[in-house]
Amino acid sequence: MRIVVCVKEVLDPDAVNNYALAGRLEIGEDGKSLTQTTIPRLMNGFDEQALEAALRLRDAGAECRIGAVSAGPDSTTILKHAAALGVDEIASLPMEEPSPDYHVVAALLAAYVRSSGDADLVLCGRQASDDDQGVVPALICEALGMPLVTNARAIELAPASDEPTLRITRVTPDGDEVVEVSCPAVVTVSNELGEPRYPTAAKKMAARRMKPEIITAEGLSLSPEALQPRVAAQRQFVPTVSGDCEFLPGETPAALAEALIARLRQESVIS
Amino acid sequence: METKPVVVCMWNLGQGGLPVGTEEALTLGRKVASATGARLHLLVLGPLPEECLETAGRFGADDVDQIEDAALEGFAPDAYVDALAGYCQQESPALILFSQAADTRLVAPRLAGRVGAGVLMNGVDISVGESGGLQATASAYGGDTQMVYELSGAASYVVALSANALLPEPAEGGPTQPGCRSIQVDLSGVNERIRVIEQARTEGPRLEDADIIVSGGRGLGGPENYKLIEQLAEALGGLAGASRPIVDEGWVDSSQQVGLTGKITRPALYLAAGISGASQHMAGCSAAKTIVAINKDPDAAIFRYASYGLVGDCLEILPELIRAARQ
């Protein structure tokens, strides 16, 4: 089976959080880009887990070829990381716009999957930790006519099926649900999958020789309509959080605790 | 030419009453409909819940549209997308609003892909921009930033409204009297491609419904100390929650994770011990009526959100809180 994992480079969300809380997050001249050069760029954490899900399928004995693809301004670093983890092929869809329209991204990724020989499984992180949108996997599944399963925490090949079938444990608000879906399918992965692996030194060396295949929009023969943005980012800003915290007095932990419980009872928040 | 309608969409899973967030979506829908001179529809997939017409009227809906079919029983994303696509073909809405919940991403962006609409999740507001078109604001970076998007280039848009993005406001000038319309969509060709082998079963009370939540984070120091959170939650008659870092490290099951990618809660009391206040976490609890924070660092971000703060070591304060709560 062929597995394609979509990966995205993002700014480190923890670093963005720290800068935002300190009031030092810089918005660029275009009014929408985050321009701090000191914020690291890394692979979206959920996409790392999508990669991990693919590698675990292979570890479990599934005969598969794994490709990683990234659409973005500069995907070299994260694609090399994917190569170091053990994927078989890497592909880059260069884009100039740092935050392109999701519909354009999905159209490009779907066209790549089709033109590169289709896929039995397309794996994506549940959302990117920059815009938190998480719409690209669903747009890909509609473009390719595949079913979509979200928030997987385990993916395995279902035993004894006539056609390739996935058995997926997915996270719902009411607990875990187990579903089956015939391939091909699009599946998103969440942090419940568990810790992604680290690359070994040997694999890192081998990955240095892997070069991403460069895919262009022209080469995918997409219609101009498919490349037309529909949701254009205009402006990004840090919303103000109005704090009015009352620090309760007390010299000892016991005094602090008694002050809080008394206050909450006084306010009828607790009985 | 009449302005294309604004539609608020919901599905009825027999929860009794309208799903959480529908009133907020109707509030935003009414705002956009008023600004653009459009009609506001509430679209129900499945049977009409009790008080549906009354609530729709209270929030200013002009029509309640219903699509009922056996294929829509239970959570059926393929049938939902097909039904909604059929509805869009008939009604040509300008804007389709969803209240964002855990499984909205199985429906809303697929609908957009199916009918060629634009799509945006995490919506917090929609307004008419300077050019006369719609502008939507959505949260990003877990809530650290917000992004304003121009909704142009497509004939219709699907927007999911973040939980807790705004407060529901009944229509000024009193309730409307919405008509009830039955919409016919052919769902005979629907083939639900996801087969549920084991259903999720709710065991005990749900964090989303809890009135009191006590949550722990990395400041607890280790998994052995999480029992203090459970004991305090029990003493207060509430439930125990957790921030994502300790879930990822395996201290607590992910079903107890509060945050953007966990549970979205709105308790009367949220007590956070050893939690820094990262935006991703606060997105899941900022709608609490009262937030209490315990942290060693008086400058910790969580105190920005809190009504009451205790500065100190949570490992020393929690046992005392348990003792005081039990008296």
Side-chain angles (χ1 to χ4, degrees), chain A residues 13 16-17 20-21 32 102-103 126 129-135 138-139 141-143 147-150 167 171-182 190-192 228-239 241 243 245-248 253-254 256-258 260-261 263-264 269-270, chain B residues 102 105-106 109-110 113-114 118-122 139-142 144-154 193-202 208 212 236 244 248 254-255 260-261 263 268-269 278-279 290 292 301 303-312 316-317 320-321 324-325:
Chain A
V16 172
N17 188 229
L21 293 176
K32 63 186 179 182
Y102 315 114
H103 301 85
R126 60 176 284 168
S129 58
D130 50 7
D131 53 41
D132 293 320
Q133 284 291 311
V135 297
L139 295 171
C141 92
E142 285 298 317
L148 171 69
V149 178
T150 56
R167 177 169 291 178
V171 180
T172 82
D174 295 325
D176 286 353
E177 178 183 71
V178 180
V179 303
E180 279 189 359
V181 62
S182 302
S190 191
N191 52 296
E192 290 86 356
Q228 190 67 35
R230 304 175 207 181
V231 176
Q234 302 285 304
R235 185 168 64 91
Q236 182 162 208
F237 62 95
V238 179
V241 181
C245 180
E246 179 184 345
F247 288 92
L248 295 182
L256 285 170
E258 282 154 18
L260 176 64
I261 297 296
R263 176 64 65 93
L264 293 177
V269 177
I270 62 173
Chain B
R105 282 194 176 84
L106 278 166
R110 286 187 54 198
R114 184 75 60 89
V119 61
L120 200 66
M121 308 295 291
N122 307 329
S139 69
Y141 288 101
D144 280 323
T145 71
Q146 289 181 3
M147 187 80 83
V148 179
Y149 297 88
E150 189 84 33
L151 305 185
S152 65
R193 295 167 292 178
I194 314 294
R195 303 176 291 280
V196 179
I197 306 299
E198 270 177 49
Q199 240 162 17
R201 57 198 70 200
T202 314
E208 296 95 319
I212 295 176
L236 293 173
R244 185 181 152 184
D248 283 351
S254 61
S255 60
L260 185 74
T261 55
K263 303 299 172 73
L269 170 65
S279 301
T290 301
V292 174
F303 289 126
R304 299 181 179 202
Y305 300 89
S307 310
Y308 302 109
L310 304 183
V311 179
E316 294 175 9
I317 295 174
E320 300 296 342
L321 279 173

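To find a chain, count down the sequence lines: A is the first, B the second, and so on, and within it residues start at 1.
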Do any N or O atoms from the side chain of [X] and from the backbone of [Y] form a donor-acceptor pair under 3.5 angstrom?
X         : Y         : value
Asp132(A) : Asn122(B) : no
Gln133(A) : Met121(B) : yes
Asp130(A) : Tyr141(B) : no

Can you tell which of [options] has the highest number of heavy-atom pairs within less than 4.5 Å of chain B?
options                                   : answer
Val171(A), Leu260(A), Ile270(A)           : Leu260(A)
Ala20(A), Ala254(A), Ala232(A), Gly175(A) : Ala232(A)
Leu264(A), Asn17(A), Val181(A)            : Asn17(A)

Can you tell me which portion of [X] sits under 4.5 Å from chain B's heavy atoms? Options are side chain, backbone, both or neither.
X         : value
Pro229(A) : backbone
Leu248(A) : both
Ala143(A) : neither
Phe237(A) : both
Gln234(A) : both
Ser129(A) : backbone

Side-chain contact, heavy-atom cut-off 4.5 Å: [X] with [Y]?
X         : Y         : value
Val119(B) : His103(A) : yes
Val196(B) : Glu177(A) : yes
Arg304(B) : Leu21(A)  : yes
Val292(B) : Val269(A) : no
Met147(B) : Asp131(A) : no

Option that, when pairs with chain A are counted at under 4.5 Å, heavy atom only, ranks first among [options]:
options                                    : result
Gly118(B), Gly312(B), Gly113(B), Ala200(B) : Ala200(B)
Thr290(B), Leu236(B), Asp248(B), Val311(B) : Asp248(B)
Arg114(B), Glu198(B), Arg244(B), Arg195(B) : Arg195(B)
Ala268(B), Ser255(B), Ala278(B)            : Ala278(B)

Could you tell me which non-hydrogen atom of [X] sits nearest to which non-hydrogen atom of [Y], and how far apart they are?
X         : Y         : value
Arg263(A) : Tyr308(B) : NH1-CE2, 3.2 Å
Ala324(B) : Ile261(A) : CB-CG1, 3.7 Å
Thr261(B) : Glu192(A) : O-OE2, 4.5 Å
Gln236(A) : Ala140(B) : OE1-CB, 4.3 Å

